[in-house]
Each structure stands twice: as C-alpha cells, then as structure tokens.
J.: 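Structure provided below as structure tokens; questions to follow.
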Protein chains: 2
Amino acid sequence: MTVQQSGRRERKKAATRQKIADTALRLFLERGYDAVGIREVAAEADVAVTTLFSHFASKEALVFEQDEDFEHRLTRAVTDRSPHEPLIPALRREVLALVRHCTADGAAPVWRMIEASPALRKYDEAVRLRHADALARAIAADPGLTRSETAARTLARFVIDAYSLSREAPDPEAALDEIFPMIEAAWEAARPPRRT
Amino acid sequence: MTVQQSGRRERKKAATRQKIADTALRLFLERGYDAVGIREVAAEADVAVTTLFSHFASKEALVFEQDEDFEHRLTRAVTDRSPHEPLIPALRREVLALVRHCTADGAAPVWRMIEASPALRKYDEAVRLRHADALARAIAADPGLTRSETAARTLARFVIDAYSLSREAPDPEAALDEIFPMIEAAWEAARPPRRT
DNA sequence: AACGTAGCACTAACGGATAGCTTTTCCTAA
DNA sequence: TTAGGAAAAGCTATCCGTTAGTGCTACGTT
C-alpha cells in the first residue's frame, strides 16, 4: 500500500503538470488553439507527449484545467444551504458568482478563445451536461422538496442553461435577472403531483 | 453559369451518398460504432475515403444523416402556425411528434447505439445547440410576441431540453406532460418588459 | 543498502481528417 | 457529334490527437 508521500515526488509531479498547463495556455493564447499542436506543447514544456497525456486526458482538458470545482460548488449550493432557505435563490446566487468569475477581466481572453474553437465549445457543452446531471441528483436528493425526478432533472437543465445563456449575453447580470424569474415560475408550476 | 442539370449526375451523387450512409449504418449496427473504421466503411461502400468525406463532414455525421429536417420542422412549428394559435402548444405538438419519431421501433437500435458512444452523444449535443439557436431566431422573429430576445433564447433552450430529457426518460410522453407546463409557466413569467 | 514503484521518455502505431493532383463521368454548346 | 468544361470520384501522402508497449531513472520505503 502506498502510505504517505513525504513530498518531493508529489511536488515534482505537480510542477510538471503546472508547467504543461502554463505552457499550453500561453501558446494557445499567443497563436490560437487550433494552430498549436500537442507535439509542440510537449516540446515547449520539455516533456514527452505521453507524459502530457498522463496528466491531461485530452487537448481540450488543458484549457479547462481550473474549473474542476465548478460542479462541486453548484451541488453544494443545494445541499449546504441553510435549513429553510428556498432552493431557487440559493441557486441564483451561486450561478451569479460563477458567471462573474467567468466574465472577470482575467478570464476573458480564455473564454474568447473557447468560443472561437468548435472543439472547445463542444467540450464545454459536454462538461455542462455532466454538471446538469450532478445538479439534478443533488436536487432530487433534497428531502425538503416534493417534486418528481423529472422536475428535478428539468430544473437542473434550466439552471445550467441560465449559466450558459447569461455568459454569452452582452449584459450577463441583466440576463440572469430575466431568466431566473422564468425558472422560478417553472419550478412553481411543478407542484407536488405524487411522490417519486 | 450552371443552368439546369438534367439529372443523371445528381442521381448518381445521391445514390453514392445513400450507399455510403446505408453501408455505414449497417456496419455500425452489426459490429458497433467504435469497432468500425472509416477506411472500412469506404471499402465496403466501394468508394475512396476522400469521397466519403466529401459527402459527410465527419464520421458522426454518417449516423445523423436523416435528422436534417429536424431543425426545419421546429422552426416551422413557430412560423407556420395558424395566425392566433398560441406558441407553446404548437411547440409541444412538434416536440411530441419528434420524440415519437425517435422512440419508434425502427429508430430504437440507432438511438441505443448513439447513447452507447461518447463521440456520438457529444455530436448530438452540438446538434441540439444549433437547433436551439435556430429556434431562438424563429421565436424572436415572430411579430406577435413581445418578449425580449433573452426570453426567446431561453425558451428555445428549454424546449430543446424538453426534447432531450423526454427522449431519455423511461416514459417519454409522461415526461413531456410534466415538462411543458413548466415551460408554459416560464414563458408566462417573461412578460413584456420593454420592447426589444 | 536494496527493493519496489511512480513518473517519465521513446518509438511506433492507429484512426479520423485533409491537401494536392489525376482520372472519370456527365452536361452543354458549338 | 464532338470538343470543352466542370463536377464527382480517386489516389497518395500527410497531419493530428491519442494510445500501447517498453524501458529507464529517481524517489520513497524497508
């Protein structure tokens, strides 16, 4: 059994991973995602191609490196909210925070790059669908809610749509102000039919 | 200027395309999508690989060949409805028809294959997003509707979600019965704020 | 000090997709 | 009828993302 690693190996591994991610992002922003090949990234980061793929599952994953906690934050907005806080406002707060995070000045060039590449957009969509599934499970598991499982899945999709649509909108926060009342109404309309 | 083609060329081209599509679908269903390579499809259809790719933009497109009018049907449900018919029921009717079409006995093995392959699922997602965009444009262009453009885009996403969610549900039609009242409520909540 | 293994490198290949160029097939106009 | 033009299909060679197989090296453990 592997017990405790006292550090040097882990640090070296993390450093390699970081160097790859940094190099990749730099090259992608400099010359465009599609114009830079994997072999080039690996060479510039001074690692073998196989090493690169042992740290990142795909070329796209190099770009989406940081947004790992995204899913966790959304589900926690459901599960960790205070006992009688209504669901929708809690979700709205979290989506707003995520949108702000994506549209912040630092992240803007990255998102422009993502929207410019079909491959990256596709990847982003797939990620969002995974998030919608996780969110649906969190909502369905909430004991205080009496909606059906279909309603839970639907709400989750709608919330992810809100995130995606507002990120693309010219005024993201205004878009959220418009979409979330629609979601609220939809959730109200899914009143307790029968138990799941 | 090319004038009128009297037919032989067009027919031969269509025949080639059809032969490729048929061969591909047959091989994919027989042995699995991932187990059959492009070179093999081309060989079995007795065409060159480059010819195959001049008819279909990608391997995935071989599978989604027939669902081209999908988008057209959805937008027509909006634009061609009778003058004062409300929007949501018209969309619901069309989505129901599409879901029935996908879950019909003939199409079932194809959809099982699609859900079994990550590449095909991803492609399907991308196709749905395109459809949502087209639907959003059709809704926004309707002169009788006074909602904002954000509301139109949101409705379009929700409708596509309804299609997608109900296709995956154990009882697709029951799922639609549950989701569309939610959509109706959301659309009602997007009351005329200001003109677009 | 010796062993086990995690991390990384190297080569070689696979499968999807494309660029460049030639050949075939069909349409049309002289 | 035939010559010219162009669309369709073919061939070759290659790029690109990704993976398998195989070692070697450096680290952590005993």
Side-chain angles (χ1 to χ4, degrees), chain A residues 1-21 23-25 27-28 31-65 114 117-123 126, chain B residues 1-25 27-28 31-65 117-123 126:
Chain A
M1 293 297 119
T2 53
V3 210
Q4 265 294 21
Q5 308 282 34
S6 67
R8 176 122 83 247
R9 234 178 214 176
E10 282 178 350
R11 271 184 290 116
K12 288 209 172 185
K13 180 172 183 177
T16 301
R17 181 191 165 90
Q18 198 58 41
K19 185 173 186 185
I20 294 171
T23 305
L25 199 57
L27 291 180
F28 290 161
R31 324 215 315 265
Y33 178 79
D34 294 308
V36 179
I38 282 289
R39 288 160 176 87
E40 205 170 344
V41 174
E44 182 88 7
D46 200 29
V47 297
V49 173
T50 48
T51 301
L52 189 155
F53 277 108
S54 78
H55 284 279
F56 299 91
S58 66
K59 188 187 181 188
E60 293 94 37
L62 284 166
V63 174
F64 289 87
E65 194 229 351
I114 291 171
S117 157
L120 288 175
R121 277 209 306 275
K122 255 184 152 178
Y123 189 86
Chain B
M1 291 298 118
T2 54
V3 211
Q4 265 294 21
Q5 307 283 36
S6 66
R8 176 121 83 248
R9 228 176 220 175
E10 282 178 350
R11 270 184 288 116
K12 284 211 173 183
K13 182 173 182 175
T16 302
R17 182 190 167 91
Q18 198 56 44
K19 184 172 186 186
I20 294 170
D22 291 349
T23 305
L25 199 57
L27 291 180
F28 291 161
R31 323 215 315 265
Y33 178 78
D34 294 309
V36 179
I38 282 289
R39 290 162 175 86
E40 205 170 346
V41 174
E44 182 89 7
D46 199 29
V47 297
V49 173
T50 47
T51 300
L52 188 156
F53 277 111
S54 78
H55 283 280
F56 299 92
S58 66
K59 187 187 181 189
E60 293 92 40
L62 284 167
V63 174
F64 288 87
E65 194 231 348
S117 158
L120 288 175
R121 277 208 306 272
K122 254 186 151 179
Y123 189 88

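Remember, it's a predicted structure, so these values are computed and weren't measured experimentally. Convention: sequence-line order gives letters A, B, ...; per-chain numbering from 1.
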J.: Using a 6.0 Å distance limit plus a 45 degree cone around the ring axis, check whether Lys122(A) lies over the aromatic ring of Tyr123(B).
T.: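 Not satisfied by the 6.0 Å and 45° rule.
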J.: Does Arg17(A) pair with Glu65(A) as a salt bridge, N-O distance under 4.0 Å?
T.: yes
J.: Could you tell me the separation between the NZ atom of Lys59(B) and the P atom of dC14(C), rounded to a whole number of Å?
T.: 16 Å
J.: What is the distance, rounded to the nearest whole Å, between atom CG of Leu62(A) and atom P of dC16(D)?
T.: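 In whole Å, dC16(D) P lies 16 Å from Leu62(A) CG.
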J.: Send over the distance from Arg17(B) CZ to dA9(D) P, rounded to a whole Å.
T.: 11 Å
J.: Using heavy-atom distances to pick each residue's nearest nucleotide on DNA chain C, tell me which of Arg39(B) and Lys12(B) is more 5'.
T.: Arg39(B)
J.: Any salt bridge linking Glu40(A) with Arg31(A)? Criterion: basic side-chain nitrogen under 4.0 Å from a carboxylate oxygen.
T.: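 Result for this pair is yes, salt bridge flagged.
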J.: In terms of side-chain heavy atoms of Ser58(A), which of dA17(C), dT18(D), dG7(C) is nearest?
T.: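 Closest nucleotide among those given: dT18(D).
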J.: For the pair made of NZ in Lys13(B) and C1' in dC26(C), what is the distance, rounded to whole Å?
T.: 13 Å
J.: Scan Asp34(B) against the nucleic acid and name what it touches under 4.0 Å (heavy atoms): base, sugar-phosphate only, or nothing.
T.: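 Since no nucleic acid heavy atom lies under 4.0 Å of Asp34(B), the category is nothing.
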J.: Can you tell me the distance, in whole Å, between the CD1 atom of Ile20(B) and the P atom of dG10(D)?
T.: 8 Å
J.: So Ser54(B), base contact, sugar-phosphate only, or nothing? Heavy-atom distance under 4.0 Å.
T.: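 No contact.
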J.: Give one of base, sugar-phosphate or nothing for Val49(A), where a contact means two heavy atoms less than 4.0 Å apart.
T.: base
J.: Can you tell me the distance, in whole Å, between the CG atom of Leu52(A) and the C1' atom of dC10(C)?
T.: 15 Å
J.: dG7(C) P sits how many Å from Glu10(A) CD, rounded?
T.: 8 Å
J.: May I ask you to test the Phe28(B)-Lys59(B) pair for a side-chain heavy-atom distance under 4.5 Å?
T.: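 Yes; the side chains approach each other to less than 4.5 Å.
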J.: Looking at Arg9(B) and dA9(D), is any side-chain donor or acceptor paired with a base atom of the opposite kind under 3.5 Å?
T.: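 Donor-acceptor pair under 3.5 Å: no.
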J.: Does dA8(D) have OP1 or OP2 under 4.0 Å away from a side-chain N or O of His55(B)?
T.: no
J.: Using a 4.0 Å heavy-atom cut-off, does Val41(A) contact any base of the nucleic acid, only the sugar-phosphate backbone, or nothing at all?
T.: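 Val41(A): no heavy atom of the nucleic acid under 4.0 Å.
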J.: What's the closest nucleotide to the side chain of Thr50(B) if the choices are dG21(D), dA9(D), dC11(D)?
T.: dC11(D)
J.: Of the candidate nucleotides dG10(D), dC8(C), dG16(C), which contains the atom at the shortest distance from the side chain of Val47(B)?
T.: dG10(D)
J.: List the atom of Leu52(B), the atom of Leu62(B), and the distance in Å for their closest heavy-atom pair.
T.: CD2-CD1, 4.3 Å
J.: So, is Thr16(B) near the phosphate of dA9(D), with a side-chain N or O under 4.0 Å from OP1 or OP2?
T.: yes
J.: What is the distance, to the nearest angstrom, from the CZ atom on Phe56(A) to the C1' atom on dC8(C)?
T.: 15 Å
